[in-house]
Each structure stands twice: as structure tokens, then as C-alpha cells.
Amino acid sequence: MTERVKEILGSEAPREDVTVEGWVRTARASKGIAFFEVNDGSCLASLQVVAEPGLANYAEVEGLHVGSAVRVRGRLAQSPAKGQKWELKAADVEIVGPSAPEYPLQKKRHSFEYLRTISHLRVRSRTFGAVFRVRHALQMAIHNFFDSRGFVQVHAPIITGSDCEGAGQMFRVTTLDLGAKPDFSKDFFGRETSLTVSGQLEAEIFALAFKDVYTFGPTFRAENSNTSRHAAEFWMIEPEMAFCDLRGDMAIAEAFVRSIVGEVLARCSQDVDFFDQQIEKGLRAKLEGLVASPFEVMTYTQAVAALEKSGRSFEYKPAWGMDLQSEHERFLTEELLKRPVFVIDYPADIKAFYMRMNDDGKTVAAMDLLVPHVGEIIGGSQREERLGVLEERMRAFKLDPASYWWYLDLRRYGGTPHAGFGMGFERMLMYVTGMTNIRDVIPFARTPGSAEF
RNA sequence: UCCGGUUUAGCUCAGUCGGUAGAGCAAGCGGCUGUUAACCGCUGGGUCGGGGGUUCAAGUCCCUCAACCGGAGCCA
């Protein structure tokens with residue numbers, strides 16, 4: 001029976017007749033003995049295989065190229081040399097799929113920019129193996145968190161006729177001829193449709209039936225953003241809770257972030273150590289600190305005051321009524337507080353129409369969670385549940401209430417205070433791994449001008 | 001989209017004052033009884049991002065386009 005490298009390396013005692021399948025990471029030969037290491041993606045480490053001239057195909061084994069697919073059967077023995085506890089003494093090496101000398105992934109350090117050009121092979125490298133193992137673990141941790149609290153997952157539609165934020169920048173979905181003057185009544189859906197930018201409105205529908213729900217799916221933005229933190233296709237998590245206000249929203253968000261980070265630490269300890277050593281020094285301490293200590297909370301008004309009296313000269317002068325700039329967010333979370341911070345109660349004019357108006361008439365019950373090195377990782381709010389106020393806000397944002405008839409119905413029939421937030425999955429993954437470019441935490445990144453693979 | 005930077009061997013990079021191209025690693029071959037990104041020797045490898053210009057002469061100076069990187073905006 002074939003075993004995974006992770007299981008084999010966890011063996012308690014030497015064993016006969018162990019079989020492993022995987023890809024050669026590195027190979028070296030001396031006179032009369034050859035070594036190669038096999039990795040199968042199950043863990044960071046590879047299994048060292050020892051081959052000796054007694055093998056029927058020793059000449060071929062001696063010349064194995066990096067990247068070859070092999071199946072090795074042999075005896076698991078304690079390694080006499082330093083560098084590994086176990087090694088596999090090969091009795092039989094089957095070269096399932098040979099590689100070639102020009103294999104682009106060489107046994108040396110490559111730049112992430114180069115590796116992006118070979119996304120079909122970079123997953124066989126240590127760094128990307130670790131990234132995508134952690135990506136999986138993080139995803140499972142998210143589902144585990146909500147499942148254990150009785151949340152129901154909503155599969156929000158990917159093709160949508162609604163425009164959540166009232167903004168443009170959506171990818172159009174159509175079967176109409178290119179170049180023809182669009183008559184959307186003749187289009188596939190009989191109306192203009194796009195790829196979703198958010199599942200929030202649909203999540204609100206389900207929250208008013210299941211109380212606590214979440215979405216977890218791909219979202220799409222046709223923005224011409226050329227930064228290390230933006231992609232045209234990314235995954236988002238959007239919980240929505242009925243009978244919940246902004247305080248409850250923040251409590252869930254904080255428990256959520258600390259829980260999923262804790263689970264990654266427990267489940268991917270070796271990968272976290274790898275990132276700590278190779279990618280971001282101090283990563284493990286950062287994550288452990290996040291799990292251990294409570295987040296800060298400050299109002300937008302307090303944040304602006306803190307920025308004003310900081311004595312710092314910012315490129316954009318902080319002023320009440322202006323949105324916080326990246327440099328402002330960075331100062332608050334990285335320098336002033338040195339930990340995650342919720343900034344709440346933003347001016348109504350710079351936030352979305354559905355956010356609940358506070359009693360002061362100037363601010364809305366919104367919250368952003370800022371974390372060091374990544375910036376805004378969560379944005380959320382209590383939703384406006386008062387029908388009249390919501391309609392007024394829509395008109396102020398030049399939105400037609402009629403096209404949101406079903407959204408307004410939620411306020412007519414059994415509306416409740418409710419709240420939710422959105423988290424960019426890749427942003428969270430960047431925070432957890434220390435990777436600094438979103439293109440390096442998505443299997444195949446879609447960014448302006450780039451959709452190879 | 002804006003600002004700045006980069007583009008030279010498969011990879012990472014050097015290239016002075018404008019004078020026809022270099023290193024390390026990788027690869028190929030040989031050597032070496034246990035290696036750890038093995039080591040030692042030899043060999044091969046270039047449309048200097050594309051296009052245009054200045055010049056006797058351009059990797060080098062100028063213009064232009066493109067890609068990539070960093071930052072900004074937009075945001076998650």
C-alpha cells in the first residue's frame with residue numbers, strides 16, 4: 001500500500017516494504033551510491049531515498065532529473081547521516097514519468113516573479129506547497145468556525161442582476177454578439193447580468209430566515225487595480241447575523257479571526273515555521289500574539305484625532321469626513337497600537353447606502369478591522385433595517401429603490417436589526433503566511449492584463 | 001489609471017568614460033563509497049525586452065511601446 005510522505009516520516013520504528021509515490025525534489029550521486037528526495041505535497045519535508053548499484057535500473061536512477069515522478073518501494077531505516085531521521089532504502093524504483101534537464105524549477109532559490117510565469121510548476125516548490133496547504137487549512141478552519149456555531153452556508157449566485165455597492169466595475173455576462181448594439185432584453189437572461197461583486201444582499205435574505213449564515217465563494221471586480229493586494233477574481237467570506245448589532249458583529253469578527261488563525265497554527269505548525277524562517281521573521285510570534293490578546297477598538301473620530309496629534313507628516317492630511325488612507329491605517333495598526341484594531345462609526349457619506357445611520361445623523365454603524373502589514377482585512381456594518389431611512393439613503397446614493405424591491409421587502413416583512421462583515425480570503429491568507437503579493441496566494445491569479453493558465 | 005524603478009545566458013546578477021559580453025548557480029561530460037541547495041575538473045550556452053533615433057561605433061545616450069516590480073488611488 002502506498003503511503004504519504006507525511007505518514008512515513010512520522011513512523012515510530014523501522015519498517016519493511018514501504019511504498020511512496022511522488023516527485024523528485026533533488027538528486028545527487030556519488031560513485032556507487034545515489035540519493036534523491038521525494039515530495040508528494042503532504043508536508044514540507046521530503047523523504048530521502050537511497051539507491052545502490054544492485055537496482056536493476058540503477059543507471060537510470062543515478063541520472064534521475066529533478067521533477068521526475070517516481071514510485072519507490074523499499075525498507076524504511078534510520079538514517080546514519082545527519083539531516084533526516086528516516087530514509088528509504090530502495091528495493092525497486094519505478095520511473096513513472098521522467099523529467100528533463102531543462103525542468104524550469106531548479107534546486108535553487110527562484111524569484112516569485114519568475115515562479116509566477118510557471119504557475120503550473122511552482123506548486124511543486126516548498127514555498128508554494130506550504131502556501132496552498134495553509135490555504136486549504138484556513139478554508140477548513142473558516143467552515144469549522146461557522147459550523148460549530150450553527151451558521152448555515154449560503155451559496156450566493158455568481159451571475160447576478162443586482163449591483164451590491166451601487167458601483168460599476170463589474171464583469172458583464174452575456175451571450176450577445178460582440179460589437180452588436182446590446183439589447184439586453186434579448187440576452188440569455190433577458191436582462192443585463194454581471195459576475196457578482198458580493199454575496200451580501202443574498203446573505204441578508206438568508207439571515208432573515210436562518211438567523212446566522214455565511215457565504216464563502218468567488219467574487220469579481222473589473223477594477224484596473226495594479227497592486228500586490230488586488231485581484232480581479234478573489235474569494236470572500238461574508239457572515240450575516242439577524243438580531244445582531246455592530247457590537248455583536250465585532251464580537252463575532254474577533255472570535256472568528258482568532259479562531260481560524262489558532263487552527264492554522266495548530267494544524268500547519270511546520271509550514272508556519274517555514275514562513276517564519278523564510279518569508280516573515282517573527283510571523284509565529286505575531287500569530288500567537290493575535291490569538292492571545294484582544295483587539296483594540298476606536299471610533300473613526302478618535303482615529304482622526306489620533307492621527308492629527310501624532311505629529312507625523314502624512315502625504316494626505318487627515319481630516320474628519322475623508323476616508324482613511326493606506327498610510328493612516330498603517331500608522332494606527334503598525335505604529336500607534338501595534339496590533340489589530342477595529343475602527344468604527346465612519347462618516348455616512350464615505351460608506352455604503354445599506355449601513356445603519358447612527359443617532360448622531362452623521363455617522364453609520366460601520367467597522368473596519370485593520371491589521372499590521374496587510375491593512376483592512378475585514379469591513380462590516382450593522383445594516384439599515386428601517387424602511388423609510390433605507391429608502392432615503394438609496395435616493396441620496398442615486399439608486400432606484402424599485403430595482404431593490406426584494407431587498408426592501410426584507411424590511412417590510414419581519415425585518416430585524418442585523419449585521420455582517422466581509423473578509424477577503426486571500427488578504428487573510430497573506431496575513432497568516434507573511435506572503436506580500438496576492439498573486440502568490442492564489443493558485444492562478446487573474447489581474448489586469450493577465451489570465452494565463 | 002498616476003508616480004518611481006527594472007528588463008543582459010535556463011536562473012540570480014555584474015558590465016566603469018560609448019569601442020562588438022562576464023560571474024555564480026543550473027545544464028552536459030568526467031571524477032569521487034553516505035550525500036544534505038554535495039564536492040572537484042572540463043565543456044556548451046547571448047536577437048543585451050520590441051521598434052526607432054544620435055554616432056565612425058550603442059548593452060551603455062535620446063524617443064517610443066511593452067512586460068514586470070514597488071508605491072498611490074479604488075477596494076477586499
Side-chain angles (χ1 to χ4, degrees), chain A residues 25-37 45-53 62-63 65-67 77 79-85 87 89 99-118 125-126 164-165 167-169 196-200 218-238 278 314-316 322-330 350-352 368-371 374-380 421-431 436-442 447-450 452:
Chain A
R25 275 289 169 84
T26 173
R28 42 188 176 266
S30 290
K31 184 162 188 166
I33 191 164
F35 303 89
F36 60 92
E37 293 179 26
S46 299
L47 175 64
Q48 172 163 284
V49 175
V50 185
E52 291 181 272
E62 199 181 28
H65 289 116
V66 174
S79 181
K82 283 187 179 149
Q84 60 281 315
K85 184 180 178 192
E87 63 185 23
K89 302 279 228 181
S99 186
E102 69 274 14
Y103 182 62
L105 258 189
Q106 292 156 18
K107 48 180 183 178
K108 55 166 283 196
R109 171 149 173 68
H110 294 284
S111 66
F112 290 143
E113 297 82 57
Y114 170 66
L115 290 170
R116 262 172 235 149
T117 68
I118 51 165
S125 70
R126 294 215 299 166
C164 177
E165 312 278 338
Q169 314 276 21
T196 184
V197 295
S198 166
Q200 182 198 312
T219 51
F220 308 87
R221 305 278 168 94
E223 315 245 340
N224 188 14
S225 293
N226 287 286
T227 82
S228 55
R229 296 182 304 282
H230 292 83
E233 176 183 298
F234 63 98
W235 287 63
M236 197 152 59
I237 298 101
E238 295 174 294
Q278 302 292 327
F314 294 104
E315 192 179 337
Y316 292 86
M322 306 257 297
D323 208 354
L324 297 179
Q325 304 294 310
S326 293
E327 57 177 341
H328 302 148
E329 295 181 345
R330 200 167 295 155
I350 59 173
K351 287 291 182 183
D368 282 355
L369 178 62
L370 311 179
V371 298
V374 174
E376 183 187 335
I377 205 164
I378 279 178
F421 61 86
M423 184 183 83
F425 181 56
E426 285 80 12
R427 292 262 175 100
M428 190 67 209
L429 191 53
M430 289 167 73
Y431 181 77
T436 56
N437 197 310
I438 197 167
R439 296 167 181 82
D440 297 328
V441 296
I442 302 182
T447 51
S450 174
E452 188 70 54

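These numbers were taken from a predicted model, which means no experiment stands behind them. Convention: sequence-line order gives letters A, B, ...; per-chain numbering from 1.
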For this session: Could you pull out all residues at least two apart from A:His110 that satisfy ring pair (Phe, Tyr, Trp, His ring centres under 6.0 Å)?
Result: A:Tyr114
For this session: Give the rounded distance in Å between these two atoms: CD1 of A:Ile438 and P of B:G70.
Result: 12 Å
For this session: Could you state the atom-to-atom distance from CD of A:Gln48 to P of B:A37 in whole Å?
Result: 10 Å
For this session: In whole angstrom, give me the gap between the C1' atoms of B:U60 and B:C17.
Result: 10 Å
Exercise. Would A:Arg439 and A:Glu426 pass as an ion pair if we require N to O under 4.0 Å?
Worked result: no
Exercise. Taking CD from A:Gln325 and P from B:C75, how many angstroms apart are they, rounded to a whole number?
Worked result: 10 Å
Problem set entry | Interatomic distance at P, B:G19 relative to B:A58, whole Å | 11 Å
Exercise. In Å and rounded to the nearest 0.5 Å, what is the CG to CE distance from A:Asn437 to A:Met430?
Worked result: 6.5 Å
Exercise. Within this structure, what is the CG-to-P distance between A:Asn226 and B:G4, rounded to whole angstrom?
Worked result: 16 Å
For this session: Could you tell me whether A:Ile377 contacts a base, only the sugar-phosphate backbone, or nothing, with contacts defined as non-hydrogen atoms closer than 4.0 Å?
Result: sugar-phosphate
Problem set entry | Side chain A:Glu315 and base B:G73 donor-acceptor under 3.5 Å | no
Problem set entry | Heavy-atom closest pair, residues A:Leu429 and A:Val441 | CD2-O, 3.5 Å
Exercise. P atom, B:G50 versus B:U33: distance in rounded Å?
Worked result: 48 Å
Problem set entry | Protein-nucleotide distance (A:Asn224, atom CG; B:G73, atom P), rounded to Å | 15 Å
Exercise. Looking only at atom C1', what distance separates B:C13 and B:A9, rounded to whole Å?
Worked result: 11 Å
For this session: Please name the pair of heavy atoms, one in A:Thr26 and one in A:Arg28, separated by the smallest distance, quoted to 0.1 Å.
Result: OG1-NH1, 3.6 Å
For this session: Looking only at side-chain atoms of A:Arg229, point me to the closest of B:G34, B:A37, B:A72.
Result: B:A72
For this session: Determine the interatomic distance between P on B:U35 and the same-named atom on B:C68; round to the nearest Å.
Result: 45 Å
Exercise. Is A:Tyr431 touching bases, backbone alone, or none of the nucleic acid, heavy atoms closer than 4.0 Å?
Worked result: nothing
Exercise. Touch check for A:Ala34, heavy atoms < 4.0 angstrom, all strands: base, sugar-phosphate only, or nothing?
Worked result: nothing
For this session: Would you mind reading off the distance between A:Glu329 atom CD and B:G73 atom C1', rounded to a whole angstrom?
Result: 13 Å
For this session: Select base, sugar-phosphate, or nothing to describe what A:Arg330 touches, counting heavy atoms under 4.0 Å on all strands.
Result: sugar-phosphate
For this session: Please identify each residue that fulfils side-chain hydrogen bond (donor to acceptor under 3.5 Å, both in side chains) with A:Gln278, with sequence neighbours left out.
Result: none
For this session: For A:Glu426 and for A:Thr436, locate the closest nucleotide of RNA chain B by heavy-atom distance; then report the residue assigned to the nucleotide nearer the 5' terminus.
Result: A:Thr436
Exercise. Can you tell me which stems RNA chain B forms when a stem means 3 or more consecutive Watson-Crick or G-U pairs under 3.5 Å?
Worked result: B:1-7 with B:66-72, B:10-13 with B:22-25, B:27-31 with B:39-43, B:49-53 with B:61-65
Exercise. Which glycosidic conformation, syn or anti, is assigned to B:U20 if syn requires a torsion within 90° of zero?
Worked result: syn
For this session: Just call it for A:Ser79: base, sugar-phosphate, or nothing, with non-hydrogen atoms closer than 4.0 Å on any strand.
Result: base
Exercise. Closest to the A:Lys31 side chain: B:G71, B:G34, B:U33?
Worked result: B:U33
Exercise. Is the phosphate of B:A37, meaning OP1 or OP2, less than 4.0 Å from a side-chain N or O of A:Lys107?
Worked result: no
Exercise. On a plain distance test, is the side chain of A:Glu52 in donor-acceptor contact with the base of B:U33 below 3.5 Å?
Worked result: no
Exercise. Do any side-chain nitrogens or oxygens of A:His230 fall under 4.0 Å of OP1 or OP2 in B:A72?
Worked result: no
Exercise. Any donor-acceptor pair under 3.5 Å between the side chain of A:Gln84 and the base of B:U35?
Worked result: yes
Exercise. Would you say the base of B:C74 and the side-chain of A:Ser225 have a donor-acceptor pair closer than 3.5 Å?
Worked result: yes
Problem set entry | Nucleotide of B:C69, B:A37, B:A27 approaching A:Arg109 most closely (side-chain heavy atoms) | B:A37
Seminar exercise, completed: Considering only heavy side-chain atoms of A:Asn437, the closest of B:G73, B:C75, B:G70 is B:G70
Seminar exercise, completed: For A:Ser46, the side-chain hydrogen bond (donor to acceptor under 3.5 Å, both in side chains) test, sequence neighbours excluded, returns A:Asn39
Exercise. Looking across every strand, which nucleic acid part, if any, lies under 4.0 Å from A:Glu233 by heavy atom: base, sugar-phosphate, or nothing?
Worked result: nothing
Exercise. Looking only at atom P, what distance separates B:G24 and B:C3, rounded to whole Å?
Worked result: 41 Å
For this session: With sequence neighbours left out, write down each residue that passes ring pair (Phe, Tyr, Trp, His ring centres under 6.0 Å) with A:Tyr316, or none if nothing qualifies.
Result: none
Exercise. For the base of B:C11, is there a side-chain donor-acceptor partner from A:His110 under 3.5 Å away?
Worked result: no
Exercise. Taking for each residue the nucleotide of RNA chain B with the nearest heavy atom, is it A:Ala27 or A:Gly63 whose nucleotide lies nearer the 5' end?
Worked result: A:Gly63
Problem set entry | Gap between atom CZ of A:Phe314 and atom CD of A:Gln325 - 0.5 Å precision | 11.0 Å
Seminar exercise, completed: For A:Glu62 and A:Ala34 the tightest heavy-atom approach is CA-CB, 4.4 Å
Problem set entry | Atom C1', compared across B:C39 and B:C25: separation rounded to whole Å | 14 Å
For this session: Return the set of residues passing ring pair (Phe, Tyr, Trp, His ring centres under 6.0 Å) with A:Phe425 (not counting sequence neighbours), or none when no residue passes.
Result: A:Phe216
Is there any protein nitrogen or oxygen under 3.5 Å from a nitrogen or oxygen in nucleotides 8-10 of chain B, and what are the pairs?
| residue | atom | partner | partner atom | Å |
| --- | --- | --- | --- | --- |
| B:G10 | N2 | A:Gln106 | OE1 | 3.2 |

For this session: Grab the CG-P distance between A:Asp323 and B:G73 for me, whole Å please.
Result: 10 Å
Exercise. What distance, rounded to whole Å, do you find between the two C1' atoms, one in B:C11 and one in B:U54?
Worked result: 35 Å
Exercise. Rounded to whole angstrom units, what separation is found between the CG atom of A:Leu370 and the C1' atom of B:C75?
Worked result: 13 Å
For this session: Name the nucleic acid region contacted by A:Gly424, choosing base, sugar-phosphate or nothing; use a 4.0 angstrom heavy-atom cut-off, strictly under.
Result: sugar-phosphate
For this session: Verify the contact: side-chain N or O of A:Ser30 to OP1 or OP2 of B:C32, cut-off strictly under 4.0 Å; return yes or no.
Result: no
Exercise. Is any side-chain N or O of A:Thr227 closer than 4.0 Å to OP1 or OP2 of B:C75?
Worked result: no
Seminar exercise, completed: Contacts satisfying salt bridge (Lys or Arg N to Asp or Glu O under 4.0 Å) that involve residues 99-113 of chain A (not counting sequence neighbours) are none
For this session: Assign A:Pro80 to base, sugar-phosphate, or nothing according to its heavy-atom contacts below 4.0 angstrom with the strands shown.
Result: base
Exercise. Quick one: side-chain hydrogen bond (donor to acceptor under 3.5 Å, both in side chains) partners of A:Ser79, sequence neighbours excluded?
Worked result: A:Gln84, A:Glu87
